[in-house]
Amino acid sequence: LDPEYPQDRLHYMMQDSGIQLLLTQAPLLERLLEGIDVAYLCLDAQPHAFDAYPHGNPEQRAHADNLAYVMYTSGSTGRPKGVGISHSALSQHAQVSVSHFNMSAEDRGLQFSTFNFDAFVEQLYPALICGASVVIRGKALWDSETFYRELIDKGISIVDLSTAYWFMLGKDFAAKGPRDFGRLRQLNLGGEAMPAEGVAAWKQAGLKQVCLLNTYGPTEATVSATAHDCGAYLSGDEVLPA
C-alpha cells in the first residue's frame, strides 16, 4: 500500500484484497484506517514489543503455491485489479532473471521503480539471490545529470528503467557527447515501445557497448515474459523501423 495513493484507492485495495493484518507506521494510521476495520501493527510504536519472542527464524510452513504478494494495476481503464503472485512464480522469475541478465555477486543494480510497481520485483530479488548489491534510488526522481553522477559514484552496473525515462536520458546524454559511464554494462527497458530515435541517441552518447534489452510482460505473467537484445540496432547490423 503506497501512502502516496488517494485514501479511497487505499481503502478499496485493503477491502478488495481481504487483508487480515496491516503493518504500518503511527503517522499513517489514522489516514489508512479511517472507516476501515482491520487489525494493525505499528512497527515504529512499540520498539520492544517483540523482545520476549524467540530471535531465531520461525518454523518453515510455506509452500510454493502460497501467495507472495498482490500487486494492483494502475486502474487506468477502470477500477484497479489485484493480481496475486505465488512464491513459486516469484522464485522462478528471479532465477531466470539472474541467468538471462548474467547477474553475479559483483554487480550493483539500481532499484529505480517504487515498490508498488512490479518492476520493483525484478530490480530487487534477482540481485539479492545471487549476492549482488542493490542501490536504492529513494523518492526523488533523478534528472539526467543526477542519474549520471549516481551511476559513477555508486558503481552501478545494471539498470532497469521505464522506456520514457530512458528516452529522456538518451537525448540528454547524446547532447553531452561520449563520456565514461563507469561500470554500466546492461540496461533493461520495459513498459512501452522503444522509439528508434532513442536507440540512435543512446548510440550517439557512446553507449553502444552497453547491453540493451527491451522487455515486456503483464503483471499476471510475473513482471516480464519476453526480452529482446537490441545490440544489433546499436551496432548497425539491423535497422529499427521508423
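Computation of the quantities below employed the complete heavy-atom set of this structure, encompassing side-chain atoms and omitting hydrogens, waters and symmetry-equivalent molecules.
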If you group Ile, Leu, Val, Met, Phe, Trp and Tyr by side-chain heavy-atom gaps below 4.5 Å, do [X] and [Y] land in one group?
| X | Y | result |
| --- | --- | --- |
| Val134 | Met103 | no |
| Leu124 | Leu161 | no |
| Leu207 | Leu234 | yes |
| Trp202 | Ile152 | yes |
| Phe117 | Leu110 | no |

Chi angles and distances behind the side chain to side chain contact (heavy atoms under 4.5 Å, CB included) call for Tyr148, Arg179:
CA-CA 10 Å; Tyr148 178 77; Arg179 50 181 167 169; 3.6 Å; yes
Looking only at non-hydrogen atoms, find the nearest pair between [X] and [Y] and report the distance.
| X | Y | answer |
| --- | --- | --- |
| Val98 | Pro126 | CG2-O, 3.2 Å |
| Leu184 | Val210 | O-CG2, 3.7 Å |
| Cys230 | Asn214 | SG-CB, 4.0 Å |
| Thr73 | Lys81 | OG1-N, 2.9 Å |
| Ala227 | Thr215 | CB-CG2, 3.9 Å |
| Leu90 | Ala68 | CD2-CB, 4.0 Å |

Modelled atom types, side-chain donor and acceptor of [X] and [Y], under 3.5 Å:
| X | Y | value |
| --- | --- | --- |
| Gln95 | Ser99 | no |
| Asp107 | Ser157 | yes |
| Tyr5 | Asn116 | yes |

Does the pair Cys42 and Leu29 meet the rule for a side chain to side chain contact (heavy atoms under 4.5 Å, CB included), with working shown?
CA-CA 8 Å; Cys42 287; Leu29 192 61; 3.9 Å; yes
Residue pair Ser86, Asp65: steps toward the side chain to side chain donor-acceptor pair (under 3.5 Å) verdict
CA-CA 5 Å; Ser86 70; Asp65 292 331; 5.3 Å; no
Going by the angle between their ring planes, with limits at 30° and 60°, are [X] and [Y] parallel, tilted or perpendicular?
| X | Y | answer |
| --- | --- | --- |
| Phe147 | Phe173 | tilted |
| His228 | Tyr233 | tilted |
| Tyr165 | Phe112 | tilted |

Matching residue for Leu151 among Ile156, Thr146, Leu169 - test: side-chain contact (heavy atoms from CB on, under 4.5 Å)
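By the side-chain contact (heavy atoms from CB on, under 4.5 Å) criterion, Leu151 pairs with just one of Ile156, Thr146, Leu169: Ile156.
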Between [X] and [Y], is any pair of side-chain heavy atoms under 4.5 Å apart?
| X | Y | result |
| --- | --- | --- |
| His93 | Tyr125 | no |
| Trp166 | Pro195 | yes |
| Arg185 | Ile158 | yes |
| Gln111 | Val135 | no |
| Met71 | Ile85 | no |
| Leu43 | Gln25 | no |
| Leu33 | Leu22 | yes |

Please check if the side chain of [X] supplies one atom and the backbone of [Y] the other of a donor-acceptor pair under 3.5 Å.
| X | Y | value |
| --- | --- | --- |
| Gln60 | Ala62 | yes |
| Ser235 | Ala232 | yes |
| Ser91 | His87 | no |
| Thr163 | Glu192 | yes |
| Gln123 | Ser113 | yes |
| His11 | Leu32 | yes |
| Arg108 | Lys154 | yes |
| Asn66 | His63 | yes |
| Asp44 | Ala26 | yes |

Apply side chain to side chain contact (heavy atoms under 4.5 Å, CB included) to the pair Glu145 and Lys176, showing each step before the final yes or no.
CA-CA 10 Å; Glu145 280 308 296; Lys176 291 281 186 180; 3.4 Å; yes
What's the spacing between [X] [atom1] and [Y] [atom2] if we round to 0.5 Å?
| X | Y | atom1 | atom2 | result |
| --- | --- | --- | --- | --- |
| Leu189 | Ser224 | CG | OG | 12.0 Å |
| Lys203 | Leu212 | NZ | CG | 12.5 Å |
| Met13 | Asp8 | CE | CG | 11.5 Å |
| Asp160 | Ser97 | CG | OG | 9.0 Å |
| Ser162 | Asn188 | OG | CG | 12.5 Å |
| Gln15 | Leu10 | CD | CG | 11.0 Å |

In sequence, state the C-alpha distance, the side-chain angles, and the governing distance for Trp142 and Arg149, and then conclude on side chain to side chain contact (heavy atoms under 4.5 Å, CB included).
CA-CA 10 Å; Trp142 298 341; Arg149 184 175 63 251; over 6 Å; no
Of all residues at least two apart in sequence or in a different chain, which pass the salt bridge (charged side-chain N to carboxylate O under 4.0 Å, His left out) check with Arg31?
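Expected list: none.
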Salt-bridged, Arg137 to Glu150, with N to O below 4.0 Å?
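Here Arg137 does not pair with Glu150 in a salt bridge, since their nearest N and O are not under 4.0 Å apart.
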Do the charged groups of Glu106 and Arg183 touch, with an N to O distance under 4.0 Å?
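Looking at Glu106 and Arg183, the cut-off is not met.
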Can you confirm whether Tyr69 is buried at OH, in the sense that more than 12 heavy atoms of other residues, nucleotides or ligands lie under 6.0 Å from that atom?
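Yes.
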